[in-house]
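Report on one structure; see the data block that follows.
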Number of protein chains: 4
Amino acid sequence: MNGTLFERWMAEGSVSIPNMLVKTYKKIGLTDNECMLFIQLHVFVESGNYFPTPVELSERMSASSNDVSSMLRSLIGRGVLGMDQYEDKEKGVYFEAYTLQPLWNRLLQCLKEEEQIQKEVQKENQEQ
Amino acid sequence: MNGTLFERWMAEGSVSIPNMLVKTYKKIGLTDNECMLFIQLHVFVESGNYFPTPVELSERMSASSNDVSSMLRSLIGRGVLGMDQYEDKEKGVYFEAYTLQPLWNRLLQCLKEEEQIQKEVQKENQEQ
Amino acid sequence: MNGTLFERWMAEGSVSIPNMLVKTYKKIGLTDNECMLFIQLHVFVESGNYFPTPVELSERMSASSNDVSSMLRSLIGRGVLGMDQYEDKEKGVYFEAYTLQPLWNRLLQCLKEEEQIQKEVQKENQEQ
Amino acid sequence: MNGTLFERWMAEGSVSIPNMLVKTYKKIGLTDNECMLFIQLHVFVESGNYFPTPVELSERMSASSNDVSSMLRSLIGRGVLGMDQYEDKEKGVYFEAYTLQPLWNRLLQCLKEEEQIQKEVQKENQEQ
């Protein structure tokens, strides 16, 4: 291994994933494959490609492009993946973009529900 | 949402994943599920649990604990997941620990092979 | 460079820092040195050392341990660095721990104030 | 705090910093301010601004734009900050870009030297 190889590794960089996603995706009804798709979308969006195609996604995944299409439709239908419109002011055009905000909100909601359950349990314990 | 909820979100923290893993796991023969399992292992290890059980892992995954056991055995058999022994000096005991080093080395190897292919293509183009 | 060196680099890992900290610490009155000290504290806390001493911190910083002591006192006095007590249940003892929650809350507050200013500007523009 | 505020926090994202930088910058002769400047550069580069001006940098730092200019010159002179030329193929122009590769290489070199010292110490101990 030479310096250049290490340099290329470093140039690829790293992505930050909230631990809440990894720990809690099951509780909000996502499968392992769907979480992996979200992480792929996150990496594409962070690198400036806001609307990767199913083909682009499936090139990095074991799921086929058809599977990826189905999963994307399902995630949007269930309200965990969002779509926004952005304006590229330089070029004067609008373009579609995926947004993971519904996912983060759902995970935060999950944290809120856990908190309420804990409070009720504490209340019941005190009343006994 | 109150301050406390945001505080709990922040206390959960984030994990750094090398982009090379997300972009290249397919090329080294991993499925989407297996990559998700590696990310789960990474989060457990970073939080100080070096040897999570299949049950602990499956509590956060849609895969069953049996599926997780099979995947772990397969990954170890294929040489992408490693196992080490650590000594807890305070308690004077040895314990098992998963290590993702074989995975990082494989991904680096993949980068090296890409580089060699590019060099050969460039050489062929120059010779023509 | 050999594999072992790359393995040691990977074993050191990475830390996730909210971009809001890097972009906004000046606005909440922190100096470059103080932000660097917060990042050092974050890395210590993430690695399981919740209460690094000024000497431990200064071993990684150009600031002297006296400078670090002064900065820590000042940050606590200004309410951006917090201190908590944790119970080590195995050993049955309490220990001190730094917490960065006041910092995250301050940065969130800063985001809120920016939002309110933007709304007022928009309102004024519409009224004209 | 409402959902929107949390959404804006999440939209700002996080940056991954190698722990080796935070733990070892002192050993390679960087001050706390210089490390903070590197982290600022890293965040700008990750967000697609490859050549932030001293004014842009000083807007987020307690250092003045003159101080930032001096530090940039000094870091380039000492060989820890690099400059590259990139071609924007869409626009057909070349532009300057900072690169942190010399920094990563220096930190890796530092790891190598530590390793050699450890080996020599072990060898001496065995010979006694």
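Letters go in sequence order (proteins before strands), and every chain restarts at 1.
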Go through the structure and list residues passing salt bridge (Lys or Arg N to Asp or Glu O under 4.0 Å) with C/Glu120, not counting sequence neighbours.
none

Kindly write out the residues that satisfy salt bridge (Lys or Arg N to Asp or Glu O under 4.0 Å) with B/Lys123, not counting sequence neighbours, or none if the list is empty.
none

Just checking C/Glu127: does its CD atom have more than 12 heavy atoms from other residues, nucleotides or ligands closer to it than 6.0 angstrom?
yes

If you draw a 6.0 Å radius around OH in B/Tyr50, do more than 12 non-hydrogen atoms from other residues or ligands fall strictly inside?
no

Heavy-atom distance under 4.5 Å to chain C: side chain of B/Gln109, backbone, both or neither?
neither

Where along residues 95-104 of chain C does a heavy atom come under 4.5 Å of chain B, listed by residue number?
C/Gln101, C/Trp104

Using a 4.5 Å heavy-atom cutoff, which residues in residues 15-36 of chain C come close to chain B?
C/Val15, C/Ser16, C/Pro18

Rounded to the nearest 0.5 Å, what separation is found between the CZ atom of B/Phe6 and the CG atom of C/Leu108?
4.5 Å

For chain C, the option from B/Gly48, B/Ser47, B/Ser14 that forms the most heavy-atom pairs under 4.5 Å
B/Ser14

